[in-house]
**Student:** 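This is the structure, below, for whatever I ask next.
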Amino acid sequence: MSDIPLVGPVLVRLLGAERAAVAQEFVRFGVVGTIGFVVDSGVLYGMLWLGAGLYLGRAISYVAAATATWALNRAWTFRGRGGGAVHRQWALFVAVNLVGFALNYGTYAVLVATVPVVVAHPVLGVAAGSVAGMFTNFALSRRVVFKG
């Protein structure tokens with residue numbers, strides 16, 4: 001995988017080539033996660049508008065975001081890694097990221113149940129949940145879904 005412009009060479013000097021490669025994957029994963037956050041939030045608000053409610057709406061938005069992040073991670077973050085049929089890789093991605101989902105959705109649910117400002121602005125719960133699950137999802141995606 002090629003270096004991230006400007007950042008990549010600095011990371012190589014600071015961390016060495018192998019650790020810099022992992023750090024750059026994590027940066028890409030974070031960018032993809034940010035896009036996933038936008039998808040997650042947008043779909044959640046769409047589902048709320050349609051009357052799905054805070055919990056069902058979030059479950060639907062999470063699946064939409066997981067699908068988007070799988071596709072982007074496959075194409076960019078971990079390009080050329082992992083194998084097998086596309087639908088199986090997607091299913092594996094969703095399955096192994098259920099651990100991160102539990103952290104993500106659990107954080108969201110606790111905040112919705114206990115913090116009035118999160119009920120009024122669910123995007124805050126989505127953001128907190130995303131951060132809670134990010135590190136676990138990166139490790140599992142890298143080691144199980146997109147092994148190289």
Side-chain angles (χ1 to χ4, degrees), residues 1-50 52-112 118 121-148:
M1 173 82 29
S2 62
D3 285 345
I4 298 173
L6 303 174
V7 174
V10 172
L11 289 173
V12 169
R13 278 195 306 276
L14 292 173
L15 304 173
E18 189 174 323
R19 285 189 178 133
V22 174
Q24 288 180 84
E25 280 181 352
F26 187 75
V27 168
R28 286 184 182 92
F29 192 83
V31 169
V32 168
T34 300
I35 294 167
F37 169 77
V38 171
V39 170
D40 200 345
S41 298
V43 172
L44 172 61
Y45 278 89
M47 291 293 97
L48 292 174
W49 183 79
L50 291 172
L54 288 169
Y55 297 101
L56 177 60
R58 182 67 204 286
I60 293 167
S61 72
Y62 183 84
V63 172
T67 300
T69 57
W70 163 77
L72 291 169
N73 279 317
R74 177 181 166 87
W76 187 46
T77 306
F78 304 109
R79 180 179 24 223
R81 292 180 46 190
V86 172
H87 68 283
R88 286 191 181 141
Q89 188 183 55
W90 174 84
L92 181 60
F93 180 81
V94 172
V96 301
N97 281 277
L98 286 175
V99 175
F101 171 75
L103 294 169
N104 184 321
Y105 193 84
T107 300
Y108 170 83
V110 166
L111 291 173
V112 164
V118 176
H121 305 285
V123 69
L124 298 173
V126 174
S130 295
V131 171
M134 181 174 70
F135 295 99
T136 300
N137 285 343
F138 175 71
L140 291 172
S141 292
R142 187 169 192 278
R143 294 186 181 173
V144 177
V145 181
F146 300 106
K147 339 178 234 194

**Student:** I want to check something: taking the side chain as every heavy atom from C-beta on, are F37 and T69 in contact at a cut-off of under 4.5 Å?
**Tutor:**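 In short, these two side chains do not touch, never coming nearer than 4.5 Å.
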**Student:** So how far is it from F29 CZ to T34 OG1, rounded to the nearest 0.5 Å?
**Tutor:** 10.5 Å
**Student:** Supply the atom-to-atom distance F78 CZ to S141 OG, rounded to the nearest 0.5 angstrom.
**Tutor:**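 One gets 5.5 Å once the value is rounded to the nearest 0.5 Å.
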**Student:** Does the side chain of V96 come within less than 4.5 Å of R143's, by heavy atoms?
**Tutor:** no
**Student:** Give the minimum heavy-atom separation between V39 and A68, together with the two atoms involved.
**Tutor:**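 Where V39 meets A68 most closely, the heavy atoms are CG2-CB, 4.2 Å.
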**Student:** Would you give the length of the straight line joining atom CG of L56 to atom CG of L48, rounded to the nearest 0.5 angstrom?
**Tutor:** 9.5 Å
**Student:** Are the side chains of T77 and F146 in touch, meaning some heavy atoms are under 4.5 Å apart?
**Tutor:** no
**Student:** Testing the basics here: between A65 and D40, what is the closest heavy-atom pair and its distance to 0.1 Å?
**Tutor:**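 A65 and D40 have their closest heavy atoms at CB-CB, 3.7 Å.
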**Student:** Quick check: do F93 and N73 have side-chain heavy atoms less than 4.5 Å from each other?
**Tutor:** yes
**Student:** With side-chain contact (heavy atoms from CB on, under 4.5 Å) as the criterion, how do L124 and L111 come out once you've worked through the C-alpha distance, each side chain's angles and the decisive distance to 0.1 Å?
**Tutor:** CA-CA 9 Å; L124 298 173; L111 291 173; over 6 Å; no
**Student:** Evaluate the side-chain proximity of R81 to E25: yes if any heavy-atom separation is below 4.5 Å, no if none is.
**Tutor:** yes
**Student:** Would you give me the side-chain donor-acceptor pairs under 3.5 Å for residues 127-140, sequence neighbours excluded?
**Tutor:**
residue : atom : partner : partner atom : Å
S130    : OG   : V126    : O            : 2.9
N137    : ND2  : G133    : O            : 3.4

**Student:** Report yes if the side chains of Y45 and P122 come closer than 4.5 Å at any heavy-atom pair, otherwise no.
**Tutor:** yes
**Student:** Applying side-chain contact (heavy atoms from CB on, under 4.5 Å), run through V63 and F101 and close with a yes or a no.
**Tutor:** CA-CA 10 Å; V63 172; F101 171 75; over 6 Å; no
**Student:** Once side-chain hydrogen bond (donor to acceptor under 3.5 Å, both in side chains) is applied, do any residues pair with N104, and if so which ones, sequence neighbours excluded?
**Tutor:** R58
**Student:** From L11 CG over to R13 CZ, what is the distance, rounded to the nearest 0.5 angstrom?
**Tutor:**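 Interatomic distance, L11 CG to R13 CZ, rounded to 0.5 Å: 9.5 Å.
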**Student:** Measuring only between side-chain heavy atoms, which start at C-beta, is L44 closer than 4.5 Å to Y108?
**Tutor:** yes
**Student:** Examine Y105 together with Y62 and report whether their ring centres are nearer than 6.0 Å.
**Tutor:**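 No, the ring of Y105 stays outside the 6.0 Å limit from the ring of Y62, centre to centre.
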**Student:** Looking at residues at least two apart in the chain, or sitting in another chain, which of them share a side-chain hydrogen bond (donor to acceptor under 3.5 Å, both in side chains) with T67?
**Tutor:** W90
**Student:** To the closest 0.5 Å, what do you measure between CZ (R142) and CZ (F26)?
**Tutor:**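 It is 11.5 Å, given to the nearest 0.5 Å.
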**Student:** Flag the pair L92 / V144 as yes when at least one side-chain heavy-atom distance between them is below 4.5 Å, and no otherwise.
**Tutor:** yes
